[in-house]
Amino acid sequence: MVSSSRMLGLSFGLIVANVATLSAFIPQQNLFLSRRSGQKLAYEINATATSGSSEGLANEARTVVKAFNEPPVKIQSRLEEIQQTIERGENLTQDYCDTTLGLCVAAEQWECVIDVLEQMQKQQMTQERSTFRMCLQQCFEVGNGASALEILQAMEQALIEPQPDDIGLVAAAMCRNNRKESGWWKRALDLLLKNPSPDVPIDAYDAVLACLVDERNWKESIKLLRRLEQPPKNKKRMLPKPTLATYREVIECCVAGNQVEQGVQILDKMKKRGIKPTVYTFEIVISGLARKLQWRRALQLLDTMDEYGVNKTVPIYNTLISACARGKEIGVAKSLLARMKKEGIWPSIITYNSLISSCASAGRWKDAMNLFDQCNRDPHVEPDIYTYTNVIRACSKGKMTERAFTLHDTVLEKNIPLDSYFYAAVIEVAANARQWKRALELLDEMEEKGVPPSDVVYSLTIKACGNGGKWQSALNLLEKMRSKGMRINLITYNAAIAALAKAAKRSAKYPTGRPWRPQEPDSGKICFWVRAIELLDQMKKDNIKPDGFSFSSAISCCGAEGRWQEALALIDLMKKGGPRTQPNRVAFTAAIDACGRSGEHMHALWLFRNMTNNGISADRVAWNTLFHGFRVANKPDLAYELWGEMRKAANTTDRITAMPDHQKPTPDIITVTDVIATLAKSENQVDQDRVDEVFAEAVNRGIIFGSHLDSVWEVDLSGLSLPVARAACRFVVNRTRQKVEDEGEDVKDLHFITGVGAAFGQGQGRKGHASTTADKSSKSQSLRDYVQKEVLLGDLNIKSTIPKLAQGTVTIEREVLAKWIERRQ
DNA sequence: TTAGGGTTAG
């Protein structure tokens, strides 16, 4: 009787706690809840809450209603079973009652708790230690830490001393609450430490550690491990010993907390303590290292696994291979493939896919193809959609357009399940091959096959349209996305603006060396710059912040249409934006170009200075763009001055060798071409002399003639523009004179290769120049004629002949050259 | 437990 009333006391306590929660919502009501009144109350709360009070109250009311729902079927049937047993006059077993009670407590079905307790009382059954234990067990099963804690309190009230197992159960139950509500681990740990015993199951501590993994709290986990490892000095052990699982949790915690190195150290510690890690333990650390691309360190662990005698697995190798692959260590990755095969661990399709993917992204398409062949020969694996996607990407890099399309057909034939990644790869091939029609067809095919196009697919299709000059289709695709209710993201918008920029440039047909005057917006022609700005507005409406890409493409639309003022305004807009839209090098360069092409060389120069003053160093493209502006505006003095400045920058910039080539502020053939063209146009003799000076410097730097400077008897002029070719001829004949006079070399035939078809339209001249459309062979012929007539006969007054067979080559015969040298003396 | 994507400037 006594213990029965104690148990009733416990259940009252729990119910009172619940009423307290409820009365927080309805303070005026103070109720003892019978099942019926509870339901009624819940109904009332729900009614008042949904009839217009706050959202928060409504939600809480719903929770309460849920709490008063009918007990789960499992409990109900158990209650019925108890009822029937008593009706039949049979005896209930303790265990059955304990379990039922536990289920009720865990489910917070307090009415049922009372029912069971009443039945137990009728049966003269008391609440044993087993009753409490079962309640705790059930609370643990469903992860009800709060009820478990209350049971623990009830035990104390009932003067039943909790055992280490009970403490462990409560703590573990509490930890299960941590996912929903952070902080439970701390309470659980407090409980464990307040009841120290080496007999508390280590699982309870492991449960705390698992919470710490979720919270990436590596510091706390290491602290706890230390506590478990070593009892305080000269004292006997008060906490359970850490096990393999404990160490694993701590390691996982370190890795989750981005402290992989800590994880490795703990792995070492395990060795000292004689605990053998499992494959899984290694996997956590290896994948952690892999994520940080520390493949070397990960490789060491592979050897450690051998030392421990832990079997390596395919996923371990795959993780490592992909780490190497992402770290651009394709050689190492391939050697790992060989190593695993040698060890009898057969590569899976994932292994091949990782490797092929890395080759594809590194542009090593030959390696990718090789691996694809290996994969096809390997009877253990079957290429899947990943494989084909990556091989197609490799083809794309290798410009093997047709091969990629054939692979696409193969996938369809093989009925391999398709996805949007696959189509993205194929469409990218079409985009790079300027096959906009095909890209659109592929998009249709996707829809036909029931593969929903992703935003990436749309971006790439838009890029394909842009590359094909189909800006209208690009904009249509944007509309299509919108009508489908897809959110158009930054990159997709950027692809569309880029499409406009490309179309603008294509239709611009810049004049060389002359200012370009704008079309007025209302002149009936399409204004790309207007559309680009419209898109920027659209982005704003969609709450998407344009970035450097968006702006620089819009600026180059302006540049192509002579809208230099609008370009300046966009730069200004960028400056006013957030840190992510601050004008970068590309945006500045595009604006410099816009001004420069419009003959606004001072604005171009101002932008250039403004850029460097803002801490953005000029790269080669920026310099060249400014030079081009000076050329358009016919400013030989400024061009020469800037040339000097650029040489200085090229000589003084630190760590220049560490820069990617295009970032270096060193002059290239384009720089030299623009500087020389600008100087050569001047009537001034000083400028004419500067042409030769600049040219000599260009040769010194290896910009012209490359490493073939020594073979002055055969000089390649192909790819040089007319003014540069003229300077080149002067330079070469003077050089030969030096060779003969100063160095005593014999005079030989001097050949100028002017190239067949290679002189104009490709190397020389900008995209969009009129020369690209001209017949190449006739152009190269003109360089040949130019060298012959204008330079040799005109400038240098050397009479030479054009051999019949060696088309494109102008030869000065040795006798002619010898006479010329003599005359010069 | 392990594998995949897109945008810019001379």
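Numbered from 1 within each chain, the chains take letters A, B, ... in sequence-line order. All of these numbers come straight from a predicted model, not from anything done at the bench. Just the heavy atoms: all of them, side chains too, but no hydrogens, waters or symmetry mates, feed the values below.
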Specify the separation, in whole Å, of atom [atom1] of [X] and atom [atom2] of [N].
X: A/Arg585; N: B/dA9; atom1: CZ; atom2: P; value: 15 Å
X: A/Ile488; N: B/dG6; atom1: CD1; atom2: C1'; value: 15 Å
X: A/Met539; N: B/dT8; atom1: CE; atom2: P; value: 14 Å
X: A/Leu500; N: B/dA9; atom1: CG; atom2: P; value: 13 Å
X: A/Lys312; N: B/dT1; atom1: NZ; atom2: P; value: 22 Å
X: A/Phe551; N: B/dA9; atom1: CZ; atom2: C1'; value: 16 Å
X: A/Arg326; N: B/dG5; atom1: CZ; atom2: P; value: 10 Å
X: A/Phe588; N: B/dA9; atom1: CZ; atom2: P; value: 18 Å

At under 4.0 Å between heavy atoms, what does [X] touch on the DNA or RNA strands: base, sugar-phosphate, or nothing?
X: A/Ala424; result: base
X: A/Thr492; result: base
X: A/Asp619; result: base
X: A/Phe549; result: base
X: A/Asp668; result: base
X: A/Phe422; result: base
X: A/Thr389; result: base
X: A/Asp455; result: base
X: A/Ser420; result: base
X: A/Thr319; result: sugar-phosphate
X: A/Val279; result: nothing
X: A/Leu460; result: sugar-phosphate
X: A/Ser287; result: nothing

Using 30° and 60° as the class boundaries, would you call the ring planes of A/Trp564 and A/His603 parallel, tilted or perpendicular? tilted
Check if the side chain of [X] and the base of [N] share a donor-acceptor pair of N or O atoms closer than 3.5 Å.
X: A/Ser459; N: B/dG6; answer: yes
X: A/Asp419; N: B/dG4; answer: yes
X: A/Asp384; N: B/dG4; answer: no
X: A/Tyr421; N: B/dG4; answer: no

As a test of reading the structure: which of [options] is closest to the side chain of [X], going by heavy atoms?
X: A/Ser556; options: B/dG5, B/dA3, B/dA9; answer: B/dA9
X: A/Asp593; options: B/dT8, B/dA3, B/dG10; answer: B/dG10
X: A/Val457; options: B/dG5, B/dA9, B/dA3; answer: B/dG5
X: A/Val456; options: B/dT8, B/dG6, B/dA3; answer: B/dG6
X: A/Ile491; options: B/dG4, B/dT1, B/dG6; answer: B/dG6
X: A/Ile670; options: B/dT8, B/dG10, B/dT1; answer: B/dG10

Salt bridge between [X] and [Y], side-chain N to carboxylate O under 4.0 Å?
X: A/Lys484; Y: A/Glu447; result: yes
X: A/Asp206; Y: A/Arg248; result: no
X: A/Arg393; Y: A/Glu428; result: no
X: A/Arg482; Y: A/Asp542; result: yes
X: A/Glu600; Y: A/Arg563; result: no

Taking 4.0 Å as the cut-off, does a side-chain nitrogen or oxygen of A/Lys463 come that near to OP1 or OP2 on B/dT7? yes
Using the ring centroid of each side chain, check whether A/Phe608 and A/Phe588 are separated by less than 6.0 Å. no
